[in-house]
Structure formats: structure tokens, C-alpha cells
Amino acid sequence: MAQNLLAGKRGIITGALDENSIAWKVAQKAVQQGAQITLTNAPVAMRMGAINRLAEECNTIVIPADATSLTDLENLYTKSMDHLGGKIDFVLHSIGMSVNVRKGRPYTDLDYGFLEKTYDVSAISFHKMAQTAFKLDAINEWGSILGLTYIAAQRIFPDYGDMADAKSLLESMARGWGYHYGKKAKVRVNTISQSPTKTTAGSGVGGFDAFFNYADTMSPLGNASAEDCANYCIFMFSDLSRMITMQNLFHDGGFSNMGIAPEIVTQFKDKE
Ligand code: NAI
């Protein structure tokens, strides 16, 4: 693999909860590729402690921040710039949570208080991260902001519940920021639409294993792993992708362009 793709760059990685988290792998690879990073997560998630191990491995600090709090986000950027010695080049938003999904509330019986929380944590926090950076002028020219999303933003996956709407909002906000931040400082803003991945957030979706196996069978390349997703993130943070912005980029082994797979049809043959 190419080396030092991120040499001299400074980044902020959100969302590393444990070694299964996509963000965990992004952090490791960013450092391997020569970047200096800071890590952050919600104070409540940090109580689990695993992130401190990652910080040690990445030779960095953890700055607690609830991504829905503007005060916390301002502190995150200020402390990161202070610790890393300058403005930021890349930001990973790897945050998602729905109380409705967690509590098994179907799309037809949402709790609207929970729904607001879903939007705030999973989508509006992306806007807040971008807006805080914009106001602080915290990101260098040609910097890259990435969010992680799922194809339920475009197609119906009934068990994904209100997270589908949150992902639509997230992708739309990424386009909005791609315009505004691009004009201001040539900062690129994109989302990566990732295959189902066995993480804490992923496994929270009802029937996840069946869902995972179905996508794996439908995709000519199979599901993209967290490791592959991290590689794509590194490319998107690097100068190799400098003219890519305002895009929702499918990283799914081909799933998004499939109609049907013979392996799935076979399962219905005996019903003819
Ligand atoms: P994960 O559970 O490891 O990561 C989710 C993170 O969000 C956790 O670290 C959690 O502490 C953090 N978080 C929750 N509320 C927060 C808050 N208020 N402030 C700051 N952080 C908060 O799971 P995973 O899968 O690595 O999720 C990362 C991203 O990838 C999410 O946006 C998820 O929706 C997205 N994604 C995941 C897929 C999957 O199948 N696992 C598929 C497609 C996208």
C-alpha cells in the first residue's frame, strides 16, 4: 500500500468506541500514513475506557465531546489545534444512534422525542461540527470532512427505522457544506455509504445478521469491511482525492447497483 499519504496532516477522529468501530480503524491507518490526530467521543461512551488504549497506540490525546453540544465542539477544535500545533486537515464524523431503533420502536410508532435525538446525534451533529470549524476557521485549504452513511437514505430498509431519515439529512447537509466550505476555503465535504458492518451501532439494527448476509450475497464483491472503509477514508483525506466534493460515495462491493442476485432467486425456486 502507498505510504505516507497523510504526512504532515492533522486530523480529528470521532466515534471510536471499541476495536470494531470503523473510526478505530481509520485512526490506526491515519497514523500509519503519517498523520497526527486527536480522538474524541461522547463522555458517556468514554467510560468504557477502550478509547484510551487507542490513544496510547496513536500517541495522542482524547478530548471528550458530546457532538450535539456546540460548547464541546468548540473546545474540541481549539484543543485539537493546540495539541497538534496548527489548523486541521481532516475530520471524520463517525457518529450514529437512534433510541427508537434501540428500543425497537417501528417506523409506524416513533417516539418523537427520540426522533429529535436521532436527528441531533446522527445528522445535525455533522452540521454542528462543520459550522463550528467554519466559524473558528479551523480547517486548512483543501481540507476534507467525511461522514459515514448508509443506503437506507435512498432505499427502504424497514428495520433501519428513523435512522434512514437521519442519514438522508446527513447526506444533504454534507452537500450543503460542500458548497459553502468549498467556496470559503476549498474544504471538501463528502459522505461514504458503507456496507453493513459488524459494530455496536450496526448490530443495533433488528435482524442485523440476516441483513448482513443478504447484502453480502447481493454484492458481487461481498460486503466491504471496516478495514476497507478505513482505507477509503484515508484516500478521501489525502491529496489524491482533492477534487472530490459534495458526493455520497458508495463503498459497498457493488450492492447499490444490483437488482437481484441468482443466489437469492434460488431460495424461491421451490416456491414456483
Ligand atoms: P460504533 O457504535 O462503533 O460507532 C458509533 C459511535 O457514535 C460510537 O463511538 C458512539 O459513542 C458515538 N456517539 C453516539 N452518540 C454520540 C454523541 N452524542 N457524541 C459523540 N459521539 C457519539 O459503530 P460504527 O458502525 O463504527 O458507526 C460509525 C458510523 O458508521 C455511524 O455513522 C454509522 O451509522 C455508520 N455506518 C455504519 C454501518 C454499520 O453497519 N455498522 C453501515 C453504514 C454506516
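Just follow the structure's listing: the first ligand is 1, and inside any ligand the first atom is 1.
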Chemist: Give the atoms of ligand 1, by number and element, whose distance to some non-hydrogen atom of P196 is under 4.0 Å.
Modeler: 40 (O)
Chemist: What protein heavy atom lies closest to atom 40 (O) of ligand 1? Include the residue and the distance to one decimal.
Modeler: T197 N, 2.7 Å
Chemist: Number the atoms of ligand 1 from 1 as they appear, then name those within less than 4.0 Å of a heavy atom of G96, with their elements.
Modeler: 7 (O), 31 (C), 32 (O)
Chemist: Using distance alone, decide if ligand 1 has a nitrogen or oxygen within less than 3.5 Å of any nitrogen or oxygen in D66.
Modeler: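 Between D66 and ligand 1 (N or O atoms, distance only) the closest approach is under 3.5 Å.
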Chemist: How far is atom 15 (N) of ligand 1 from its nearest protein heavy atom, and which residue and atom name does that atom have?
Modeler: V121 CG1, 3.4 Å
Chemist: Are side-chain N/O atoms of S98 and N100 paired as donor and acceptor at under 3.5 Å?
Modeler: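 There is no such pair between these side chains.
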Chemist: Any nitrogen or oxygen of I95 lying under 3.5 Å from a nitrogen or oxygen in ligand 1? Just yes or no.
Modeler: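 Yes.
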Chemist: Polar-atom distance check: D18 versus ligand 1, any N or O pair below 3.5 Å?
Modeler: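 D18 vs ligand 1: no N/O contact under 3.5 Å.
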Chemist: Taking the cut-offs as 6.0 angstrom to the six-membered ring centre and 45 degrees off its axis, would you call K184 and F134 a cation-pi pair?
Modeler: yes
Chemist: Distance to 0.1 Å, residue and atom name: give those for the protein heavy atom nearest to atom 8 (C) of ligand 1.
Modeler: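 Ranked first by proximity to atom 8 (C) of ligand 1 is G15 O, 3.8 Å.
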Chemist: Tell me whether S144 contacts the main-chain N or O of M236 through its side chain, where contact means a donor paired with an acceptor under 3.5 Å.
Modeler: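 Such a contact is found between S144 side chain and M236 backbone.
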Chemist: Determine the minimum heavy-atom distance between N20 and K25, stating which atoms define it.
Modeler: CA-NZ, 4.0 Å
Chemist: Which atoms of ligand 1 are found less than 4.0 Å from any heavy atom of A45?
Modeler: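 Checking each atom against A45, I get 11 (O).
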Chemist: Which residue holds the protein heavy atom closest to atom 37 (C) of ligand 1, what is that atom called, and what is the gap in Å?
Modeler: I22 CD1, 4.2 Å
Chemist: Given L76, T149, L148, L92, which has its nearest heavy atom closest to atom 44 (C) of ligand 1?
Modeler: T149
Chemist: Looking at K9 and F90, what are the two nearest heavy atoms and their distance?
Modeler: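 Nearest pair, atom of K9 first, then F90: CB-CE2, 4.0 Å.
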Chemist: Below 3.5 angstrom, do we get any N/O pair linking T68 and ligand 1?
Modeler: no
Chemist: Identify the closest protein heavy atom to atom 3 (O) of ligand 1: which residue and atom is it, and at what distance?
Modeler: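 Ranked first by proximity to atom 3 (O) of ligand 1 is S21 OG, 2.6 Å.
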Chemist: Quick one about E74 and T132 (side-chain donor to acceptor, distance below 3.5 Å, no hydrogens or angles considered), yes or no?
Modeler: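 No, E74 and T132 have no side-chain donor paired with an acceptor closer than 3.5 Å.
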Chemist: Less than 3.5 Å apart, any donor N or O on the side chain of T118 or D162 sitting next to an acceptor on the other?
Modeler: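 Their side chains do contain a donor-acceptor pair, which is all the 3.5 Å distance test asks for.
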Chemist: Using distance alone, decide if ligand 1 has a nitrogen or oxygen within less than 3.5 Å of any nitrogen or oxygen in T199.
Modeler: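 Yes; at least one N/O pair falls below 3.5 Å.
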Chemist: Any pair with a residue in residues 239-263 that passes ring pair (Phe, Tyr, Trp, His ring centres under 6.0 Å), sequence neighbours left out, goes on the list, sorted by first then second residue, please.
Modeler: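 Checked against ring pair (Phe, Tyr, Trp, His ring centres under 6.0 Å) - neighbours excluded - the pairs reaching residues 239-263 are Y232-H251.
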Chemist: Taking the six-membered ring for Trp and the full ring for Phe, Tyr or His, determine whether the centres of W177 and F126 are under 6.0 Å apart.
Modeler: no
Chemist: So which heavy atom in the protein is nearest atom 12 (C) of ligand 1, and how far is it from that ligand atom?
Modeler: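 The closest one turns out to be N41 OD1, 3.6 Å.
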Chemist: Suppose I only count heavy atoms of Q194 and a 4.0 Å limit; which atoms of ligand 1 are within that range?
Modeler: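 So the atoms of ligand 1 that pass are 42 (C), 43 (C).
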Chemist: Looking at every heavy atom in both K128 and T68, which two are closest together, and how far apart are they?
Modeler: NZ-O, 2.8 Å
Chemist: Anything under 30° is parallel, anything over 60° is perpendicular, the rest tilted; go ahead and classify F211 against Y160.
Modeler: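 F211 vs Y160 ring planes: parallel.
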Chemist: Which protein heavy atom lies closest to atom 32 (O) of ligand 1, and at what distance to 0.1 Å?
Modeler: K167 NZ, 3.0 Å
Chemist: Among all protein heavy atoms, pick the one closest to atom 42 (C) of ligand 1 and tell me residue, atom and distance.
Modeler: S195 O, 3.4 Å
Chemist: Please work out whether any backbone atom (N, CA, C, O) or any side-chain heavy atom from C-beta onward of A65 is under 4.0 Å from ligand 1, and answer side chain, backbone, both or neither.
Modeler: backbone
Chemist: Could you tell me if T38 and S80 have a donor-acceptor pair between their side chains, going purely by distance under 3.5 Å?
Modeler: yes
Chemist: Would you mind finding which of A67, A201, S94, G202 brings a heavy atom closest to atom 29 (C) of ligand 1?
Modeler: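 Checking each option, the heavy atom nearest atom 29 (C) of ligand 1 is found in S94.
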